[in-house]
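Structure first, commentary second.
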Amino acid sequence: MSVQIWTFIFVFLTFGLYIGIAIKSRAGSTSEFYVAGSGVPPLANGMATAADWMSAASFISMAGLISFLGRDGTFYLMGWTGGYVLLALLLAPYLRKFGKFTVPDFIGDRYYSQSARLIAVFCAITISFVYVCGQMQGAGIVFSRFLEVDITTGVIIGMAIVFFYAVMGGMKGITYTQVAQYCVLIFAFMVPAIFISILMTGIPIPQLGFGAELTESFGGGYLLDRLDGMSEQLGFATYTEGQRSTQDVFFITAALMFGTAGLPHVIIRFFTVPNVRDARRSAGYALIFIAILYTTAPAVAAFARTNLINTVDNIEYSAVPEWFTKWEATNLIVFTDKNEDGRIQYVGDPEINELEVNRDIMVLANPEIAGLPNWVVALVAAGALAAALSTAAGLLLVISTAVAHDLMKRSFMPNISEKQELRYARIAIFVAVIIAGYVGINPPAYVAQVVAYAFGLAAASFFPAIVLGIFYKRMNKQGAIAGMVAGFLFTALYIVYFKTINPTMDNAEGWLFGVSPEGIGTLGTIVNMAVAYGISKITPEPPKEVQAIVENIRLPAEAVLR
Amino acid sequence: MSDSSAQSYWKSNIRIVLSLLAVWFFISFGCGILFVDLLDNFRIGGFKLGFWIAQQGAILVFVALIYVYIHLMDKLDDKYNLESSKDNQPNLQTSTDGDTE
């Protein structure tokens, strides 16, 4: 059977599963819609968090990016996992104890201020919206390449599915579909990785195959040594050595960590477990489930890079494999025969190099490059869709709760009934899906880049405000508001300046302290904290009731003498 | 729970969090980034040590840290008789708003 038929089968089966789960878990109350009634077991929440978190970027792009960045790709690996340590130790248990529905709920109540709440709503919607557009684009790429429908149709199908289960089930429906999506995506990621690891090193565990010797047919020797050797020979950077400056890698890693801990769609997952102990446990489960993919990804990156070089270097253009031609049709692989000898020169020197490979296709193309069976290739497509849709659903829920709960119920229309609030939440998801779909079909050029910056913005706005709110009782509304505004503006302006206003300065000489726009969120976090601390010192301390809230969330149970 | 035991609970909590974060920082930013070239002089199997920590080892340490944290906090909660296994329902009252604007 062809890849296309297999893909249809997998996509049809998995989508059917998601819809079935959605019908089973309809939400009847706002509590079910926003936080699944706080009844999700920690193991299930861990899986759901992992699927929620691992987006099209983790599944499709990350290993590909690492295979071109080599050791510098480390900032994705450590940044996107190390943030969970911060989340588990500094945020999750306390926010669960606080026990409301949304991040703006916490900011608004802790800083006893409607303005703080509205700023938080603005940040939550901006961050989530930027992020969701990338997911829709990811789904579009998969549909267009594997099902050979056009991107518009692909995005509309994806939208319809997300819309169906997000609107019906809210958090409850999303949680259990995410559990299923985690299983689909991890299976789809691991199967080809295991196959390729066996093929290249004879070891079925990719994490170990990564450091093992290649089999005879691949030339023997340690995989990484061989990859270093081939890279040097062709004039690419040595794979296991870094090219970026140490301080830039440091700042990018920190920005991704702080950002991970400050992303509202991840934080709200911890509102769905029954109690504080379960919140800690589900953070542990979540990171285990994430680590399975994240320790495999660098192995996949090295395998894919080795395979790519082996396959395309200096071969006759007329003899390229079928996958090469198919990706060429999508313009994601481009060959220009500069010296007109009919062979592909794939080398580091941009003057001579004749092959441009889009980094996003490495994971999708990897099974084909390695010549794996068609069903494995198709499985990857279903996994990528699961990753994109699960994250999109979590983000859309944040947008809808921000509108229905934080804007309507808590700010402008406090007298609406629960039924009306629920209706507004569903309407908000509907509108958000339509807009996200529109942007997915007509992507503005900057969206793909902007996704990475969502982390910087989350790092510079939410992360410090929440951490200070828990660990620094004296922090007041003036300080927190000034900090969030300063951090957010500083980060956003820095990114906008280098990416749109003055892109010619976007290099190590032009950057402030040599920090690239990807890493500026770290400085934004520091700016936020410094401003917040300074302002809070010269303004009155928070009211007694608010200090009592802080005392209360610091204890995992009601403070009773026993 | 009295105020003073709440305070000493919080102090122990802070000590646990800070010591685990020290390990977190040392492994990721220290071994994975700042001293990575130094550690690359050592090898385990096909890996240079620094490269391995940066791309795999740090992630395993992160997982371990969260589990150590869960364990230590469970012990601490037991010591102070803080039973959180009783489900706390979402706190729906809105009286703490105190909107002053």
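In what follows, chains carry the letters A, B, and so on, assigned in the order in which the sequence lines appear, proteins first and then strands, with residues in each chain numbered from 1.
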message = Can a donor-acceptor pair be found, under 3.5 Å and without considering hydrogens, that links the side chain of B:Q56 to the backbone of A:T295?
response = yes

message = For a side-chain contact (heavy atoms from CB on, under 4.5 Å) check, start with the C-alpha distance between A:V276 and B:M73, then their side-chain angles and the critical distance, and finish with the verdict.
response = CA-CA 11 Å; A:V276 173; B:M73 289 307 285; over 6 Å; no

ask   = Could you give all pairs that pass the salt bridge (charged side-chain N to carboxylate O under 4.0 Å, His left out) test and reach residues 54-74 of chain B, with sequence neighbours left out?
value = A:R277-B:D74, A:R280-B:D74, A:R281-B:D74

inquiry  = Taking atom CZ as the centre, does B:F42 end up with more than 12 heavy-atom neighbours from other residues, nucleotides or ligands that are less than 6.0 angstrom away?
reply    = no

task = Go through the steps for A:T240 and B:Q55 under the test side-chain contact (heavy atoms from CB on, under 4.5 Å), then give the verdict.
result = CA-CA 10 Å; A:T240 59; B:Q55 298 221 328; over 6 Å; no

query = Side chain, backbone, both or neither: which part of B:I14 has a heavy atom under 4.5 Å from chain A?
reply = side chain

inquiry  = Tell me the closest heavy-atom pair linking A:Y294 and B:I59, and the distance in Å.
reply    = O-CD1, 3.8 Å

key: Among B:N13, B:I33, B:V63, B:V17, residue most engaged with chain A (heavy-atom pairs, under 4.5 Å)   = B:I33

remark   = So OG of B:S28 and CG of A:L77: to nearest 0.5 Å the spacing works out to 12.5 Å

key: Part of B:L60 lying under 4.5 Å from any heavy atom of chain A   = side chain

query = Any residues in residues 81-89 of chain A near chain B, with a heavy-atom distance under 4.5 Å, and which are they?
reply = A:T81, A:G82, A:Y84, A:V85, A:L86, A:A88, A:L89

ask   = Side chains of A:P298 and B:W52: closer than 4.5 Å at any heavy-atom pair?
value = no

message = I need the minimum non-hydrogen distance between A:G284 and B:Y67, along with the two atoms involved.
response = C-OH, 3.4 Å

query = By a 4.5 Å heavy-atom criterion (distance strictly below it), what part of A:F251 contacts chain B: side chain, backbone, both, or neither?
reply = neither

note = On a heavy-atom basis, the closest approach of A:M78 and B:A58 is SD-CB, 3.5 Å

request  = Identify which of B:V61, B:L65, B:L21, B:L20 forms the greatest number of heavy-atom pairs closer than 4.5 Å to chain A.
outcome  = B:L21

task = Work out which heavy atom in A:A283 is nearest to a heavy atom in B:I66; give both atom names and the distance.
result = O-CD1, 4.1 Å

Interchain contact, A:E241 with chain B, by part (heavy-atom threshold 4.5 Å) = side chain

query = Looking at B:F62 and A:M257, what are the two nearest heavy atoms and their distance?
reply = CZ-CE, 4.1 Å

request  = Let me see the working for B:L34 and A:Q247 under side-chain contact (heavy atoms from CB on, under 4.5 Å), right down to the final yes or no.
outcome  = CA-CA 8 Å; B:L34 297 175; A:Q247 83 255 38; over 6 Å; no

query = Is the distance between the ring centroids of A:F210 and B:F47 less than 6.0 Å?
reply = yes

ask   = Hey, what do you get for NZ (B:K48) to CG (A:D228), rounding to the nearest 0.5 Å?
value = 5.0 Å

request  = With a 4.5 Å cut-off on heavy-atom pairs, point out which of A:A301, A:A254, A:P93 contacts chain B the most.
outcome  = A:A254

request  = For A:L224 and B:G46, work out which heavy atoms get closest and say how close.
outcome  = CD1-O, 3.8 Å

ask   = By a 4.5 Å heavy-atom criterion (distance strictly below it), what part of A:F289 contacts chain B: side chain, backbone, both, or neither?
value = neither

request  = Check the pair A:F471, B:W10 against ring pair (Phe, Tyr, Trp, His ring centres under 6.0 Å), reporting the backbone distance first and the verdict last.
outcome  = CA-CA 10 Å; A:F471 289 87; B:W10 184 244; 5.4 Å; yes

inquiry  = Under 4.5 Å from any heavy atom of chain B, what part of A:I66 do you find: side chain, backbone, both or neither?
reply    = side chain

